[in-house]
Q: 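My questions all concern the structure below.
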Amino acid sequence: MSRGVVSIGFAGSLGPDAVARIAPSVEAAGFHTLWINDTPDGDALAALAAAACVTTTLRLATGVVPVDRRPPSRIAAEVASLALPLDRLTIGIGSGVAKEGALARVGEAIAVLHDAGLPRVLVGALGPRMRRLGAERAEGVLLNWVPPAEASVQAEEARAHSATSHVAVYVRTAIVDAARERLDAETARYASFPNYAANFARMGVDAADTTIRDVTELGGALEAYTAAVDEVVLRAIVPDDSVSAYLDFVRRTGPTPL
């Protein structure tokens with residue numbers, strides 16, 4: 001398997017205007033894809049539309065849109081109304097908070113998005129059944145909160161279901177001391193969720209073991225992750241949500257020095 005590419009992820013709450021100011025540097029720094037979380041206070045599609053207007057080759061992805069909150073028909077309609085470039089676009093979807101019917105809900109969403117002409121869908125997947133669904137019916141899976149060794153195991157599992165399945169992994173990353181408090185808070189929050197706590201227990205790891213906590217860890221972690229999966233998404237954890245903080249993160253982590 002070839003080594004995975006390196007991408008970057010931002011919070012949807014950053015907003016379209018700030019994303020538009022940062023995206024050209026993301027492209028210049030050599031990142032493969034800009035991923036934007038979709039949250040109640042942050043519209044990933046609007047932010048990606050802003051990024052599309054100021055870049056030419058940078059790929060764009062949602063990471064991820066919960067389809068219990070934002071139905072797939074609406075996602076497809078908004079992609080069309082925003083004129084997002086389909087040749088650069090990946091729609092990452094997740095089941096959302098409702099556990100009942102999650103597999104059926106995501107399976108239907110994949111079909112609706114494909115039928116609407118969206119060629120590339122990845123499924124945010126925690127458990128083995130959802131990962132299999134993403135591998136077999138979508139274009140791949142987006143892993144989250146997993147260490148490199150487990151990412152490798154889950155990637156091989158996905159490829160066993162479909163040899164062409166694309167496997168990406170979100171890795172929360174802080175590179176300065178001032179950002180570590182925010183990373184610790186986010187790590188503790190996810191560790192408190194029962195489904196994530198159970199998953200950490202199954203893997204035999206602490207939630208912090210799935211993060212990059214210092215710039216000195218970056219090189220070794222990237223080597224391990226890129227050997228395991230097709231795409232590593234450095235989910236930027238910065239001291240504050242200012243444009244300057246994100247630009248510093250881009251400058252210090254990008255594959256191409258700025």
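Quick note: numbers below take in every heavy atom, side chains included, and nothing from hydrogens, waters or symmetry partners. One-based numbering along the sequence shown.
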Q: Can a donor-acceptor pair be found, under 3.5 Å and without considering hydrogens, that links the side chain of Asp230 to the backbone of Val167?
A: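 The answer is yes, because a donor-acceptor pair under 3.5 Å joins these two groups.
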Q: Taking all atoms of both residues into account, what is the closest heavy-atom pair of Pro239 and Val176, and its distance?
A: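 Shortest heavy-atom separation between Pro239 and Val176 comes out as CG-CG2, 3.7 Å.
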Q: With side-chain contact (heavy atoms from CB on, under 4.5 Å) as the criterion, how do Val250 and Phe31 come out once you've worked through the C-alpha distance, each side chain's angles and the decisive distance to 0.1 Å?
A: CA-CA 9 Å; Val250 170; Phe31 285 103; 4.1 Å; yes
Q: Determine, stepwise, if the pair Leu222 / Leu234 fulfils side-chain contact (heavy atoms from CB on, under 4.5 Å).
A: CA-CA 9 Å; Leu222 278 178; Leu234 298 179; 3.9 Å; yes
Q: Any non-hydrogen side-chain atom of Thr33 less than 4.5 Å from a side-chain atom of Thr90?
A: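 In short, these two side chains do not touch, never coming nearer than 4.5 Å.
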Q: Can you tell whether the side chains of Asp184 and Arg189 come within less than 4.0 Å, N to carboxylate O?
A: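 No salt bridge links Asp184 with Arg189.
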Q: Quick one, His166 and Val229 - any side-chain contact, counting heavy atoms below 4.5 Å?
A: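 Not in contact.
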Q: Would a 4.5 Å heavy-atom cut-off, applied to side chains only, mark Val19 and Leu34 as touching?
A: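 Side chain of Val19 against side chain of Leu34, heavy atoms only: contact under 4.5 Å found.
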Q: Check Glu157 with Arg132, please: is the shortest side-chain N to carboxylate O separation under 4.0 Å?
A: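 A salt bridge is absent here (no side-chain N lies under 4.0 Å from a carboxylate O).
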Q: Establish whether Ile36 and Leu247 are linked, either directly or via other cluster members, by ILVMFWY side-chain heavy-atom contacts under 4.5 Å.
A: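 Yes, because Ile36 and Leu247 connect within a single hydrophobic cluster, where side-chain heavy atoms sit under 4.5 Å apart.
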Q: Would a distance-only check, ignoring hydrogens and angles, find a side-chain to backbone donor-acceptor pair under 3.5 Å from Arg159 to Ala135?
A: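 Checked: no pair found.
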Q: Considering non-hydrogen atoms only, spot the tightest contact between Arg88 and Ala52 and give its length.
A: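 Residues Arg88 and Ala52, closest heavy atoms: NH2-O, 3.3 Å.
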Q: Could you tell me whether Asp240 and Arg182 make a salt bridge, using a distance below 4.0 angstrom between a side-chain N and a carboxylate O?
A: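 Answer for the salt bridge query: no.
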Q: Do Thr173 and Thr211 touch side chain to side chain, with heavy atoms closer than 4.5 Å?
A: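 A side-chain contact under 4.5 Å is absent here.
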Q: Using 0.5 Å steps for rounding, measure from the OG1 atom of Thr62 to the CG atom of Leu89.
A: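 Interatomic distance, Thr62 OG1 to Leu89 CG, rounded to 0.5 Å: 7.0 Å.
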Q: For the residue pair Leu142 and Val123, establish whether any side-chain heavy-atom pair is separated by less than 4.5 Å.
A: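 No, every pair of side-chain atoms sits at 4.5 Å or beyond.
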Q: Would you say that Val141 contacts Leu122 through its side chain, given a criterion of any heavy-atom pair below 4.5 Å between the two side chains?
A: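 A side-chain contact is absent here, since even the closest heavy-atom pair is not under 4.5 Å.
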Q: For residues Val112 and Val64: do they belong to one hydrophobic cluster (side chain heavy atoms under 4.5 Å, members Ile, Leu, Val, Met, Phe, Trp, Tyr)?
A: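 As far as the 4.5 Å side-chain criterion goes, Val64 and Val112 are not connected within one cluster.
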Q: Without swapping roles, check the side chain of Arg251 against the backbone of Leu258 for a donor-acceptor pair under 3.5 Å.
A: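 Not confirmed, Arg251 side chain does not pair with Leu258 backbone.
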Q: Do NZ/NE/NH1/NH2 and the carboxylate oxygens of Glu78 and Arg74 come within less than 4.0 Å?
A: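 A salt bridge links Glu78 with Arg74.
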Q: Considering all heavy atoms of both residues, which atom of Val146 and which atom of Ala151 are nearest to each other, and what is their separation?
A: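 So the minimum-distance heavy-atom pair works out to CG2-CB, 3.9 Å.
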Q: Is Glu231 close to Val169 at the side-chain level, that is, under 4.5 Å between some pair of heavy atoms?
A: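 Not touching, per the 4.5 Å side-chain cut-off.
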Q: If you count heavy atoms of other groups shown closer than 6.0 angstrom to CZ of Arg69, is the number above 12?
A: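 Enclosed.
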Q: Determine whether a donor-acceptor pair (N or O, by modelled atom type, separation under 3.5 Å) exists between the side chain of Asp241 and the backbone of Ser13.
A: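 Checking the backbone N and O of Ser13 against the side chain of Asp241, no donor-acceptor pair under 3.5 Å is found.
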Q: If only atom types and distance count, is the side chain of Glu139 paired as donor or acceptor with the main-chain N or O of Val121 below 3.5 Å?
A: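 Yes.
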Q: First locate atom CD1 of Ile212, then atom CD1 of Ile175, and finally report the distance between them rounded to the nearest 0.5 Å.
A: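 The CD1 atom of Ile175 is 10.5 Å from CD1 of Ile212, to the nearest 0.5 Å.
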Q: May I ask you to test the Val67-Ser95 pair for a side-chain heavy-atom distance under 4.5 Å?
A: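 No, their side chains stay 4.5 Å or more apart.
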Q: In sequence, state the C-alpha distance, the side-chain angles, and the governing distance for Leu86 and Val79, and then conclude on side-chain contact (heavy atoms from CB on, under 4.5 Å).
A: CA-CA 9 Å; Leu86 298 187; Val79 167; 3.8 Å; yes
Q: Starting at CG of Leu143, measure out to OH of Tyr170 and round the result to the nearest 0.5 Å.
A: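 Between atom CG of Leu143 and atom OH of Tyr170 there are 12.5 Å.
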Q: Looking only at non-hydrogen atoms, find the nearest pair between Val106 and Gly94 and report the distance.
A: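 In terms of heavy atoms, the two residues are closest at CG2-C, 4.1 Å.
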Q: Could you tell me which non-hydrogen atom of Pro255 sits nearest to which non-hydrogen atom of Val6, and how far apart they are?
A: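 Shortest heavy-atom contact: CG-CB, 4.2 Å.
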Q: Please give me the minimum heavy-atom distance between Ala236 and Tyr246, naming the atom from each residue.
A: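 Answer, listing the atom of Ala236 first, then Tyr246: CB-CE2, 4.0 Å.
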Q: Take atom CZ in Arg180; do more than 12 heavy atoms of anything else shown fall under 6.0 Å from it?
A: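 Counting neighbours around CZ of Arg180, more than 12 heavy atoms of other residues, nucleotides or ligands fall under 6.0 Å, so yes.
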Q: Between Asp248 and Arg252 (salt bridge meaning N to carboxylate O under 4.0 Å), is one present in this structure?
A: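 Salt bridge between Asp248 and Arg252, a charged N being under 4.0 Å from a carboxylate O: yes.
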Q: Are Arg59 and Asp87 close enough for a salt bridge, meaning some N to O gap below 4.0 Å?
A: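 No, Arg59 and Asp87 are not salt-bridged.
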Q: Ring centroids only, cut at 6.0 angstrom: are Trp145 and Tyr190 within range, meaning strictly under it?
A: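 Yes, ring centres under 6.0 Å apart.
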Q: At what distance, to the nearest 0.5 angstrom, does CD1 of Ile91 lie from NE2 of His114?
A: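 Rounded to the nearest 0.5 Å, the CD1-NE2 separation comes out at 10.5 Å.
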Q: Applying a strict under-4.5 Å side-chain criterion to I, L, V, M, F, W and Y, I'd like to know whether Val233 and Ile22 cluster together.
A: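 No, Val233 does not connect to Ile22 through the hydrophobic network.
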Q: Are Leu60 and Val232 grouped together when hydrophobic residues (ILVMFWY) are joined by side-chain heavy atoms under 4.5 angstrom apart?
A: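 Shared cluster, yes.
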Q: Determine yes or no for a side-chain-to-main-chain donor-acceptor pair under 3.5 angstrom, with Arg172 supplying the side chain and Glu186 the backbone.
A: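 No; judged by distance alone, with no hydrogens or angles, the pair does not exist.
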Q: What about Leu48 and Val54, same hydrophobic cluster or not, with Ile/Leu/Val/Met/Phe/Trp/Tyr joined at side-chain heavy-atom distances under 4.5 Å?
A: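 Shared cluster, no.
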Q: Is the side chain of Arg131 donor-acceptor paired with the backbone N or O of Leu126 at a distance under 3.5 Å, no angle test?
A: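 Confirmed, Arg131 side chain pairs with Leu126 backbone.
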Q: Do any N or O atoms from the side chain of Glu27 and from the backbone of Leu58 form a donor-acceptor pair under 3.5 angstrom?
A: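 Confirmed, Glu27 side chain pairs with Leu58 backbone.
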Q: Determine whether a donor-acceptor pair (N or O, by modelled atom type, separation under 3.5 Å) exists between the side chain of Ser165 and the backbone of Ser162.
A: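 Not confirmed, Ser165 side chain does not pair with Ser162 backbone.
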Q: Looking at Glu108, I want to see if its CD is surrounded by more than 12 non-hydrogen atoms of other residues, nucleotides or ligands under 6.0 Å.
A: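 Counting other residues, nucleotides and ligands, CD of Glu108 stays at 12 neighbours or fewer.
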Q: Quick one: does any side-chain atom of Ser152 pair with a main-chain N or O of Pro148 as donor and acceptor, under 3.5 Å?
A: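 Such a contact is absent between Ser152 side chain and Pro148 backbone.
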Q: Output yes when Arg213 and Asp177 qualify as a salt bridge under the 4.0 Å nitrogen-oxygen rule, no when they do not.
A: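 Salt bridge absent between Arg213 and Asp177.
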Q: For the residue pair Thr39 and Asn37, confirm or rule out a side-chain donor-acceptor distance under 3.5 Å.
A: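 On atom types as modelled, these side chains do not qualify, holding no pair under 3.5 Å.
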Q: Is it the case that over 12 heavy atoms from other parts of the model lie below 6.0 angstrom from the CD atom of Glu217?
A: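 Yes - once you tally the heavy atoms of other residues, nucleotides and ligands closer than 6.0 Å, there are more than 12.
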Q: Using 0.5 Å steps for rounding, measure from the CZ atom of Arg235 to the CZ atom of Phe249.
A: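 One gets 9.0 Å once the value is rounded to the nearest 0.5 Å.
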Q: Just do the side-chain contact (heavy atoms from CB on, under 4.5 Å) check on Leu103 and Met130 with the steps written out, would you?
A: CA-CA 6 Å; Leu103 285 169; Met130 192 66 78; 3.9 Å; yes
